[in-house]
Amino acid sequence: MREQQLKDRTFSNLPVSPPAFLPSSAKKKVVVVGSGFGGLSAAVRLQTKGFDVDLIEARDKLGGRAYLYEQDGFKFDGGPTVITAPFMIEELFTGAGRNPADYVRMVPVEPFYRIEFHDGRSFEYGLDEAETERRVAAFAPNDLDGYRRMVRHAKAIFDKGFLELSNRPFLRFSDMLRVAPDLVRLQSYKSVYRFAAGYVKDPLLRRVFSFHPLLVGGNPFQTTSIYALIHYLERRWGVHYAMGGTGSIVAGLGRLFTELGGRVHLSTPVAKILVEAGAAVGVRTAAGETYRADAVVSNADVANTYRKMVAPEHRPKYTDRRLARMRYSMSLFVIYFGTRKQYPGIEHHTIILSESYRELLNDIFNKKLLRDDFSLYLHRPTATDSSMAPAGCDCFYALAPVPHQESGIDWTKQAPLFRDRITKFLDERYLPGLLENLVTERLLTPLDFETTLDTYRGSGFSFEPLFRQSAWFRPHNESEDVRNLYFVGAGTHPGAGVPGVLSSAKIAEQLICDRLRSN
Ligand SMILES: Cc1cc2nc3c(=O)[nH]c(=O)nc-3n(C[C@H](O)[C@H](O)[C@H](O)COP(=O)(O)OP(=O)(O)OC[C@H]3O[C@@H](n4cnc5c(N)ncnc54)[C@H](O)[C@@H]3O)c2cc1C
C-alpha cells in the first residue's frame with residue numbers, strides 16, 4: 001500500500017532548543033484576529049517569545065481557509081493540500097522546544113502532480129530530476145535544453161525571492177530600491193508565462209511550467225515571474241502531505257499554542273480595532289467584549305480589516321476608495337465529495353487543463369465571466385491516507401478558478417448548474433461511475449469566501465500577486481495607518497500560499513519584538 005511506502009522524513013536539521021522567552025516583567029499582551037495559518041503561526045511564535053496572546057476567531061474551528069469539514073465519515077481539507085517548505089511548519093514546534101513528530105506527521109507525495117491535457121495526453125513530475133528530464137525529453141525532445149536553463153533561472157529567483165526577500169519586511173520605499181537591481185536582473189517585470197515560454201516551446205509544457213501562480217491567486221499571464229520560484233520551491237524540499245490532512249497541522253498548532261499558555265476564543269467575530277492616539281490598543285468583539293492589548297495582529301482579510309474594523313478617520317492611506325481600486329485575486333468554486341467506489345488510478349494531485357488557457361484565464365481574471373469550460377485541480381487525499389474516508393471509499397475535492405464577486409454572478413442559482421457540469425465531466429472523463437457512487441458532497445463558492453471568510457469581493461487569495469501589488473507595494477506587515485497594528489496572511493507581504501503566510505508571521509514576530517522591546 002502506497003501509504004506504507006511513503007517514508008516519514010525529518011525536514012529540518014534545526015535542533016530542538018528551549019525558546020528564548022522575554023523576561024516575565026516584560027510580558028505584553030497581543031491580540032491576534034483570525035486563525036488561518038498566518039494568525040495561528042503568529043500566535044504560536046509570539047506566545048513562544050513570552051507574550052500573552054489571545055487568538056480570536058470568528059468561526060467555530062481554527063484554520064481559516066484550512067478549515068476541516070467532517071461529514072458522513074469523510075474528512076475534507078477545505079483549502080491547502082500541497083505542503084511545500086515543510087520545515088517552516090516544523091520550526092514552529094522546534095522553536096517552542098517541542099518535537100514536531102509529537103504533533104504532526106508529514107510524508108512526501110509522488111508524483112507532485114499529474115497534469116492532464118484536453119487531447120488525452122498527460123505529464124507528471126516529482127522530486128527525481130533525472131526522471132523529470134526524461135519525461136520532458138519524451139514529451140518535447142527539443143525542449144530539454146531549455147527546460148534545464150529554465151530550472152537554473154528558477155533557482156536564481158528562488159535564492160533571492162524565497163530565501164532572502166520573503167522573510168524581510170518591506171516597510172520603506174528604500175527597501176524596494178535596494179532590491180530593484182536584483183529584480184531587474186531576474187526579469188521579474190516579465191510574467192510567469194513569458195518566463196516559461198522563453199525557455200520551452202511546446203505549448204502544453206509552457207502550461208505545465210506556468211500554472212503555479214494559480215495556486216496563490218495569480219493569472220500566469222499577469223503574475224510577476226518572481227512566482228516562478230514555486231517550481232523550484234517544490235523541487236527543493238518536495239511536495240508533502242500531513243497524515244490526517246492539512247487539518248492535522250492546524251490541530252497540532254492549536255494544541256501547541258494552548259500548551260504554551262495562549263488563549264483561543266472561537267465563534268467570536270471581531271467588530272472593531274480600538275485606536276487611541278493613532279495606535280491600536282485592542283479590539284471589540286461583535287458581542288461587545290473588549291480585549292486590550294499592546295499590539296493587534298490581524299490575520300483577517302486586509303481589505304476588510306481596514307474597511308470594517310478600522311474607523312475611516314484612522315486610515316488616511318487605506319481609504320475605501322483606494323481599496324476599491326486595488327486588484328483582487330480570482331475566487332474558487334470547490335466541490336468536496338466522497339464516493340463509495342475507489343479510483344486507484346487517480347493520483348493525489350491532478351491538474352486537468354482545458355483546451356483554452358490564456359482565454360479562460362482572461363475571462364476569469366479580467367472579464368469576470370463564468371465560461372462553459374473550466375480547468376480543475378482534483379485532490380484525492382485517499383491516494384496517500386485511507387483515514388480520510390470510510391473503508392473502501394474515496395475522498396476528493398475538485399476546485400475550479402472562477403471570477404470573484406465583481407462578476408455579479410448569482411451563485412445561489414449558478415452553483416448547482418456549475419456543479420452538475422463539473423461532476424458530469426469528471427464522470428465521463430476521469431471518474432467513471434462517479435454520479436452513481438457519490439455518497440456525500442458539499443460546495444464552496446465565491447459567496448462563501450465573501451460571507452463565511454469575510455473576504456472583500458470574495459477573492460480566494462486577497463490582493464492579486466501583481467508586481468505593482470508585491471513587496472513594498474503590498475499592504476505592509478506593519479500598518480501604514482495605525483501604529484501597533486500588524487498584518488499576517490495572504491493580503492500582506494510576501495503573499496498567499498502556506499509558505500507565504502508562514503513567512504508573514506515570522507516577519508510580524510520580529511517587528512513586534514523589536515517595537516515592544518524598545519518601548
Ligand atoms: C481551496 C484552496 C486551496 C488552496 N490550496 C493551497 C495549497 O495547496 N497550498 C498552499 O500553499 N496554499 C493553498 N491555498 C492558499 C492558502 O490556503 C492561503 O493563502 C492561506 O491558507 C491563507 O492563510 P491566511 O493566514 O491568510 O488566513 P485565512 O485562512 O484566510 O484565515 C483568516 C481567518 O480570519 C478569520 N476572520 C476573518 N475576519 C474575522 C473577524 N472579524 N474576527 C475574527 N476572525 C476573523 C477567518 O474566519 C479565518 O479563519 C489554497 C487556498 C484555497 C482557498
Side-chain angles (χ1 to χ4, degrees), residues 31-43 54-67 76-86 88-89 109 112-113 212 214-217 230 233-234 239-241 246 249-250 265-273 283-287 291 296-305 307-309 329-336 348-349 377 379 381 397-401 444-446 448-449 451-456 458-463 465 487-492 494-505 508:
V31 164
V32 177
V33 182
S35 69
F37 268 111
L40 200 44
S41 56
D54 283 287
L55 176 60
I56 307 186
E57 167 56 50
R59 302 181 81 180
D60 62 348
K61 273 203 269 189
L62 301 174
R65 279 153 172 77
Y67 190 97
F76 298 108
D77 274 322
T81 57
V82 178
I83 300 298
T84 47
M88 295 184 75
I89 292 164
V109 174
F112 294 171
Y113 308 97
H212 293 86
L214 289 165
L215 303 177
V216 291
I230 300 177
L233 178 68
E234 290 171 351
V239 163
H240 291 83
Y241 169 80
T246 306
I249 307 178
V250 171
H265 310 269
L266 296 173
S267 306
T268 308
V270 167
K272 201 171 172 52
I273 292 173
V283 302
R284 179 162 318 125
T285 68
Y291 293 81
V296 174
V297 178
S298 177
N299 178 225
D301 185 66
V302 172
N304 275 350
T305 299
R307 289 175 66 248
K308 297 184 175 179
M309 294 184 230
S329 79
M330 82 297 194
S331 195
L332 300 169
F333 182 88
V334 192
I335 312 170
Y336 308 89
H348 191 134
H349 302 296
Y377 158 54
H379 181 224
Y397 84 46
L399 171 160
L444 184 76
T445 78
D448 299 304
F449 282 94
T451 54
T452 312
L453 284 156
D454 202 4
T455 305
Y456 190 38
S459 82
F461 306 82
S462 190
F463 304 106
F487 289 107
V488 294
T492 185
V498 174
V501 306
L502 294 176
S503 290
S504 71

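We count ligands from 1, going down the list as the structure has it; atoms in each ligand are counted the same way.
- Here the heavy atom of the protein found nearest to atom 26 (O) of ligand 1 is Ala490 N, 2.9 Å.
- Within the listing of ligand 1, atoms 29 (O), 31 (O), 48 (C), 49 (O) sit less than 4.0 angstrom from a heavy atom of Gly64.
- Close contacts of ligand 1 with Asn299, meaning ligand atoms under 4.0 Å from a residue heavy atom, involve 24 (P), 25 (O), 26 (O), 27 (O), 31 (O), 32 (C), 33 (C), 34 (O).
- Using a 4.0 Å cut-off to heavy atoms of Ile56, the atoms of ligand 1 that qualify are 43 (C), 44 (N).
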Let me have the donor-acceptor pairs involving side chains of residues 265-273, under 3.5 Å, with sequence neighbours excluded, atom names and distances please.
| residue | atom | partner | partner atom | Å |
| --- | --- | --- | --- | --- |
| His265 | ND1 | Tyr291 | OH | 3.3 |
| His265 | NE2 | Asp54 | OD1 | 2.7 |
| Thr268 | OG1 | Leu266 | O | 2.6 |

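- Distances from ligand 1 to the non-hydrogen atoms of Tyr397 include at least one value under 4.0 Å.
- With hydrogens left out, the protein atom closest to atom 36 (N) of ligand 1 is Ala300 CB, 4.1 Å, a heavy atom.
- Atom 49 (O) of ligand 1 has its closest protein heavy atom at Glu57 OE1, 2.6 Å.
- In terms of polar-atom proximity, defined here as any N/O pair under 3.5 Å, Thr81 does make such a contact with ligand 1.
- Looking only at protein heavy atoms, the nearest one to atom 43 (C) of ligand 1 is Ala58 N, 3.3 Å.
- Here is the list of ligand 1 atoms found below 4.0 Å of a heavy atom in Arg59: 47 (O).
- Looking from atom 6 (C) of ligand 1 to the surrounding protein, the closest heavy atom is Pro80 CA, 3.3 Å.
- In this structure, Met309 is part of the shell of residues with a heavy atom less than 4.0 angstrom from ligand 1.
- Aromatic ring pairs are classed by plane angle as parallel below 30°, tilted from 30° to 60° and perpendicular above 60°; the pair His348 and His379 is tilted.
- The pair Arg307-Asp301 does not count as a salt bridge, with every side-chain nitrogen at least 4.0 angstrom from each carboxylate oxygen.
- What sits closest to atom 11 (O) of ligand 1 on the protein, heavy atoms only, is Val498 N, 2.8 Å.
- Atom 42 (N) of ligand 1 has Val270 N, 2.9 Å as its closest protein atom, hydrogens excluded (heavy atom only).
- Aromatic rings from Tyr377 and Tyr113 are positioned such that their centres are separated by 6.0 Å or more.
- Of the protein's heavy atoms, Phe461 CE2, 3.7 Å lies nearest to atom 15 (C) of ligand 1.
- Under the 4.0 angstrom criterion for non-hydrogen atoms, Ala505 is not in contact with ligand 1.
- Atom numbering of ligand 1 starts at 1 in the shown order; those under 4.0 Å from a heavy atom of Gly34 are 33 (C), 34 (O), 35 (C), 44 (N).
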